[in-house]
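Side chains are part of it too, since the values below use all heavy atoms of this structure and drop only hydrogens, waters and symmetry mates.
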Amino acid sequence: MIVFDKLWETMRNKGVSTYMLREKCGIDSKTIRRLRANENTETKTLDKLCKALDCKIDDIMEYIDDETD
């Protein structure tokens, strides 16, 4: 499963709010809600986030194996 916990941490460290993301990146509220819920998002959105936060993809998302043995 892909999770976006690192996104919120990176935003906090850089002093960026969701309001700033909406204004700076053109990311709408619906997309922000999907990111908070770790739902699917377009690579175009990920690109916008990395540009706006001046970071790498692994600074905003990570893969967690959710299989149970």
Without placing hydrogens or testing angles, list every side-chain donor-acceptor pair under 3.5 Å for residues 25-35, not counting sequence neighbours.
{"residue": "D28", "atom": "OD1", "partner": "K30", "partner atom": "N", "Å": "3.4"}
{"residue": "D28", "atom": "OD1", "partner": "T31", "partner atom": "N", "Å": "2.8"}
{"residue": "D28", "atom": "OD1", "partner": "T31", "partner atom": "OG1", "Å": "2.7"}
{"residue": "R34", "atom": "NE", "partner": "N40", "partner atom": "O", "Å": "3.3"}

Distance-only donor-acceptor pairs under 3.5 Å for side chains of residues 7-19, two or more places apart:
{"residue": "W8", "atom": "NE1", "partner": "F4", "partner atom": "O", "Å": "3.3"}
{"residue": "T10", "atom": "OG1", "partner": "K6", "partner atom": "O", "Å": "2.9"}
{"residue": "T10", "atom": "OG1", "partner": "D59", "partner atom": "O", "Å": "2.5"}
{"residue": "N13", "atom": "ND2", "partner": "E9", "partner atom": "O", "Å": "3.4"}
{"residue": "K14", "atom": "NZ", "partner": "L53", "partner atom": "O", "Å": "2.9"}
{"residue": "K14", "atom": "NZ", "partner": "D54", "partner atom": "O", "Å": "3.4"}
{"residue": "S17", "atom": "OG", "partner": "Y19", "partner atom": "N", "Å": "3.4"}
{"residue": "S17", "atom": "OG", "partner": "M20", "partner atom": "N", "Å": "3.1"}

Output side-chain donor-acceptor pairs under 3.5 Å for residues 41-52, partner residues at least two apart or in another chain, one line each.
{"residue": "D47", "atom": "OD2", "partner": "K51", "partner atom": "NZ", "Å": "3.2"}

